[in-house]
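As structure tokens, the structure follows; a few thoughts come after it.
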2 protein chains.
Amino acid sequence: MKTIEIKSAWNGNSNCEACSIRSSALFAELNEEDFSKIHSPIDDLSFEAYANIYTQGDSSQSLYTLREGYIKLLHINPNGSSRIVRVVLPGNLFGMEALLGEHYEHSAVALTNVRLCRIPKVIISSLGEESPRLHRQIVKKWGEALSQSESWFSEINTGRIEVRLAHFLLKLAKELGSSAIAPLFRREDMGLMMDVKFETISRALASMAEQGLLTNITRLSVQIPSIEALRRFSERGI
Amino acid sequence: MKTIEIKSAWNGNSNCEACSIRSSALFAELNEEDFSKIHSPIDDLSFEAYANIYTQGDSSQSLYTLREGYIKLLHINPNGSSRIVRVVLPGNLFGMEALLGEHYEHSAVALTNVRLCRIPKVIISSLGEESPRLHRQIVKKWGEALSQSESWFSEINTGRIEVRLAHFLLKLAKELGSSAIAPLFRREDMGLMMDVKFETISRALASMAEQGLLTNITRLSVQIPSIEALRRFSERGI
DNA sequence: CGTCGTCTTGATGGGCATCAATACGTGTGG
DNA sequence: CCACACGTATTGATGCCCATCAAGACGACG
């Protein structure tokens, strides 16, 4: 039996006022006076790919904002099967259930190396008493999460697998002129997101490469020679 | 060509302080003083089954709480296909995107005859300035919506269709001792929720009746002779 | 270089889509 | 009140897409 080592690192306490992603993060609307009211430490943490951030059912003491990398949120069903309910992108908030209940309602696992900020929920509740701005921002971020979760499922889980994969890639692609590069994850993870088996993901990628929609498929990324062509494919299935 | 008549009725302005579902609704935490600050009218409306409440892309001026009946929220994809992203149950809040942006991000359509309250968003923003209680309640309701949406998809969209249908029925069933009765909707709507065609829903219902899991299937409802048996089936697929 | 985990590719079978025909229910008009 | 039309639900036949089982390739790492 092998011990599973979860690798993480503490990068210090966050300086939120100077944070590079502050404009897109939770504390965007806070001013200097608000920051002076933050006393509990906000930790800046790094995790390696596949590390566990928290597990469904854990006592929820903090919520998080993702700075770099990708995270999957998975819901584990009573029968043991699991399903990826959301992919967290940089700038997104996750673990907000901490504010409501005592336990996380899903597990958060790193898909890549990640860097994130851990915000103790006591900060939110104490600061929330005094700062309507913070509450507004939470409502806004939360709403974005809901709407991303809904459109994620709607677009990633309808139609033939190749079409779904096209939507998935378009959501994550970083444009470089008319072409682009999109990250890939473990085929099994991608299968959980789109509700197919990993072999099917593999076949779909190969088939789309044959059609000229994708090139240069590796474990971790894929090139999209023409975003326009892929978008047409995703909309019309051609 | 036939004109489609959308039938709705105005039941008057809501008296939120005396509302029967107030404890589970948005204004649960407000006190008398807060209510005195509400000036815009909150309408109490009724819609017939299949009526449109609002449409994706409409200018969003209000959010809603459902009092009676069921509502489907559908997301319409760029390619024209649509998918039910959430089913709204009595006491739930919907249309919260109104607070964030200028347009609704999905359409809301009545599955049955419904009764609901329409809350202009100006109430929330003006009241929100002064009442942290209301903001807390919005965050809470919104979080419930997110978590329902996630668990909805996770449990209703994994596995064989009969298993998914079992989860669906268990979520909506009203217990009567050891048996129960669950509402059904149009087969096409149910198909959109579980991502199958309406014929498949029909076949699944028939097959589960043959197995003794369901009896008395009609257009609008179905009897569950043993909730326990259905739950075992939903968890183990037997 | 060998092992292990992951990815790819092949063969077969099952579940759902699709097309089609029929049955049921509700409302309309004769 | 019955006949008919229309929307919805059921049931059947066929084919496609994906799951499953299996074997082999590739890459990372000790």
Side-chain angles (χ1 to χ4, degrees), chain A residues 1-5 7 48-51 81 83 109 111-113 156-166 168 183-211 214-222 233 237-238, chain B residues 1-5 7 48-51 72 81-83 109 111-113 156-166 168 183-211 214-222 233 237-238:
Chain A
M1 173 138 170
K2 201 166 104 181
T3 30
I4 297 170
E5 198 178 341
K7 294 174 182 164
E48 284 197 356
Y50 315 132
S81 69
R83 184 76 192 279
V109 178
L111 285 167
T112 61
N113 293 343
I156 260 48
N157 284 310
T158 334
R160 270 180 32 231
I161 181 60
E162 294 180 18
V163 172
R164 285 186 263 167
L165 193 50
F168 172 85
L184 297 182
F185 308 115
R186 278 161 54 190
R187 305 300 182 259
E188 183 161 357
D189 282 335
M190 296 175 67
L192 283 175
M193 294 178 208
M194 293 169 229
D195 197 27
V196 292
K197 296 287 136 181
F198 66 94
E199 298 98 322
T200 304
I201 296 287
S202 189
R203 286 183 229 274
L205 285 168
S207 154
M208 291 170 78
E210 274 179 23
Q211 298 169 57
L214 304 177
T215 56
N216 238 310
I217 299 173
T218 74
R219 264 157 207 255
L220 297 173
S221 72
V222 60
F233 179 83
I238 307 171
Chain B
M1 174 136 173
K2 204 165 104 181
T3 30
I4 297 169
E5 199 177 337
K7 292 173 184 166
E48 284 198 354
Y50 315 131
K72 62 178 171 181
S81 69
S82 63
R83 183 77 192 279
V109 178
L111 285 167
T112 60
N113 293 344
I156 260 47
N157 285 310
T158 335
R160 273 181 31 235
I161 181 59
E162 293 180 19
V163 172
R164 287 186 261 166
L165 193 50
F168 171 85
L184 297 181
F185 308 116
R186 279 154 66 184
R187 305 301 182 258
E188 183 161 356
D189 282 335
M190 296 175 67
L192 283 174
M193 294 178 207
M194 294 170 230
D195 196 28
V196 293
K197 296 287 135 178
F198 65 94
E199 298 98 322
T200 303
I201 296 287
S202 189
R203 284 183 230 274
L205 285 169
S207 154
M208 292 172 78
E210 274 178 25
Q211 296 169 60
L214 304 176
T215 56
N216 238 308
I217 299 173
T218 74
R219 261 154 210 256
L220 298 172
S221 73
V222 60
F233 179 83
I238 308 171

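Order of the sequence lines sets the chain letters (A, B, ...), proteins ahead of strands, with each chain counted from 1.
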Worksheet item: Rounded to whole angstrom units, what separation is found between the CG atom of A:L220 and the P atom of D:dC26?
Response: 18 Å
Worksheet item: For A:E48, does its backbone N or O pair with a side-chain atom of A:N113 as donor and acceptor, under 3.5 Å?
Response: no
Worksheet item: Quick one: are A:L184 and A:R219 in side-chain contact, heavy atoms under 4.5 Å?
Response: no
Worksheet entry | Nucleotide D:dT10, atom P - distance to CG of B:L214 in whole Å | 12 Å
Discussion item. What is the distance, to the nearest angstrom, from the CZ atom on B:F198 to the C1' atom on D:dG12?
Written reply: 14 Å
Fill in: Whole angstrom value for the distance that separates C1' of D:dC16 from CZ of A:R160
10 Å
Worksheet item: Is there a side-chain contact between A:N216 and A:V222, using heavy atoms and a 4.5 Å cut-off?
Response: no
Item to complete: Would you confirm whether A:E210, through its side chain, and A:A206, through its main-chain N or O, come within 3.5 Å as a donor-acceptor pair?
Response: no
Practice prompt. With the side chain of B:R203 defined as its heavy atoms from C-beta on, choose the nearest nucleotide among D:dT10, C:dC7, D:dA13.
Written response: D:dA13
Worksheet item: Please give, in whole Å, the distance from D:dC17 P to A:R164 CZ?
Response: 12 Å
Item to complete: For DNA chain C, determine which residues of residues 185-194 of chain A have any heavy atom closer than 4.0 angstrom to one of its atoms, and list them numerically.
Response: A:R186, A:R187
Discussion item. Side chains of B:M193 and B:R164, heavy atoms from C-beta outward: is any pair under 4.5 Å?
Written reply: no
Worksheet, complete the sentence: Of the listed D:dT11, C:dT8, D:dC18, the closest approach to the A:S202 side chain comes from C:dT8
Worksheet entry | Distance, rounded to the nearest Å, where A:M208 contributes CE and D:dC17 contributes P | 15 Å
Item to complete: Please report, rounded to the nearest Å, how far the P atom of C:dC19 is from the CD atom of B:E199.
Response: 10 Å
Practice prompt. Let me know the distance between CG of B:N157 and C1' of C:dC16, rounded to the nearest Å.
Written response: 14 Å
Discussion item. Please pick, from D:dA22, C:dC16, D:dT10, the nucleotide with the shortest atom-to-atom distance to any side-chain atom of B:V196.
Written reply: C:dC16
Item to complete: For the residue pair A:P183 and A:L220, establish whether any side-chain heavy-atom pair is separated by less than 4.5 Å.
Response: no
Discussion item. Assuming nearest nucleotide by heavy-atom distance, tell me which of A:R219 and A:T200 is located more 5' along DNA chain D.
Written reply: A:T200
Item to complete: Would you verify whether the NZ or CZ of A:R186 falls within 45 degrees of the ring axis of A:Y50 while also being under 6.0 Å from that six-membered ring's centre?
Response: yes
Worksheet item: Any N or O donor-acceptor pair linking the side chain of A:E162 to the base of D:dC17 at under 3.5 Å?
Response: no
Discussion item. Using a heavy-atom cut-off of 4.0 Å across all strands, would you classify A:I161 as base, sugar-phosphate, or nothing?
Written reply: sugar-phosphate
Worksheet item: When we call it a touch if two heavy atoms are under 4.0 Å apart, what does B:I201 touch: a base, just sugar-phosphate, or nothing?
Response: nothing
Discussion item. With nearest nucleotide decided by heavy atoms, which residue, A:K197 or B:I217, maps closer to the 5′ end of DNA chain D?
Written reply: B:I217
